[in-house]
Amino acid sequence: MTAQLYSLAKSEGIIVGFYEFPSPVLLGAYYHRSNNPPVILLHKKIEHRRRLLRCIFAEELGHHFTASFDLMAFARTDKKYIARKYEKLAIFWAVQYLMPLDKLIEAVNSGLFLTHELAEYFNVTERFAGTGIKLYFEKRRDYMIKLLKKLPEELNC
Amino acid sequence: MKTAGERIRRLREEREWSQIELAKKANINNSVLSRIEANKRPIEDELLVKFAEIFNVTVDYILCRTDSREKPHIITGTGDGSFSFDKDIPMKVREEIINYAEYLIKKYKEGN
């Protein structure tokens, strides 16, 4: 499944590299300077942690697909707010890519409620699965309530 | 030919700051700034970074290595799909990451 992320990156002309980040809190970075190919850097220490790697990789790809010049213009007026909005956009992209909503609904309706079950099903980390469910409930609540056999409150996420 | 001194002068004048005002912001003596703008004095690395921060441009722009003022933007994930937005990344760390990314770009271009 990670191969899919690589090929998506490749088709977008993105350079992907593993790198020993000079900071322990950073696991990935997306870097784009106009007229140059974009770069995604992933921390070397997660190279073999498949699920975490998938999540970080997808999030950085999310930046690629959700970033725009408008957003850059915004970034100058209120950096913090945009950083929030920006980060959230990228994560939501990653969530939609790695755990598509219809598949999630299917999984929940078939009896997978626990975060770790869903994480395993979608091959992502538990935190990512938890974040994904929260984001979906935030953005697509009505749709989900209509289709889910179990109410969100009963989900252990 | 453009020089770093000229760039600093222009950036300062665009903001309608006097030399004294800018010197104060950069925490240097205004005679030092005056000599820098006149290209009579080299700019120390630390001061260069400070100018870049004050004017919100890249060090490369001040050094005339590029005409683009835009800072390349870099967005970071702290991982695991959790929301940690406000972690400020120290300048030095940022520069290191950018350098590595630029190195990859250069290598990529050479290979094509």
A.B. asks: Hey, could you give me the CG/CD1 distance between L41(A) and I98(B), rounded to the nearest 0.5 Å?
C.D. replies: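 Reported to 0.5 Å precision, the distance equals 10.5 Å.
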
A.B. asks: Is the number of heavy atoms from other residues, nucleotides or ligands within 6.0 Å of OH (Y103(B)) greater than 12?
C.D. replies: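 Count not over threshold, so no.
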
A.B. asks: Any idea which heavy atoms bring P37(A) and I105(B) closest together, and the distance?
C.D. replies: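 Where P37(A) meets I105(B) most closely, the heavy atoms are O-CD1, 3.8 Å.
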
A.B. asks: Using a 6.0 Å cut-off, check whether atom CZ of R15(B) has over 12 heavy atoms from anything other than its own residue.
C.D. replies: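 Yes.
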
A.B. asks: Are more than 12 heavy atoms, taken from residues, nucleotides or ligands other than K139(A), located less than 6.0 Å from that residue's NZ atom?
C.D. replies: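 Counting neighbours around NZ of K139(A), more than 12 heavy atoms of other residues, nucleotides or ligands fall under 6.0 Å, so yes.
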
A.B. asks: Looking at E46(B), I want to see if its CD is surrounded by more than 12 non-hydrogen atoms of other residues, nucleotides or ligands under 6.0 Å.
C.D. replies: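 Counting other residues, nucleotides and ligands, CD of E46(B) stays at 12 neighbours or fewer.
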
A.B. asks: Is any residue of residues 7-19 of chain A within less than 4.5 Å of chain B by heavy atoms, and which ones?
C.D. replies: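 Under the 4.5 Å heavy-atom cut-off, I15(A), G17(A), F18(A), Y19(A) qualify.
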
A.B. asks: Which atoms of K109(B) are under 4.5 Å from chain A, going by heavy atoms: the side chain, the backbone, both sets, or neither?
C.D. replies: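 For K109(B), side-chain heavy atoms alone lie under 4.5 Å from chain A.
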
A.B. asks: Among the clusters formed by ILVMFWY side chains lying less than 4.5 Å apart, do V32(B) and I20(B) turn up in the same one?
C.D. replies: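 No; I20(B) is not reachable from V32(B) via cluster members.
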
A.B. asks: If you compare all heavy atoms of A29(A) against all heavy atoms of I97(B), which two are closest, and at what distance to 0.1 Å?
C.D. replies: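 Scanning both residues, the minimum pair turns out to be CB-CG2, 4.3 Å.
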
A.B. asks: Is the CD atom of E16(B) crowded by more than 12 outside heavy atoms at less than 6.0 Å?
C.D. replies: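 Atom CD in E16(B) is not crowded, with 12 or fewer foreign heavy atoms closer than 6.0 Å.
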
A.B. asks: Are more than 12 heavy atoms, taken from residues, nucleotides or ligands other than E47(A), located less than 6.0 Å from that residue's CD atom?
C.D. replies: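 Counting neighbours around CD of E47(A), more than 12 heavy atoms of other residues, nucleotides or ligands fall under 6.0 Å, so yes.
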
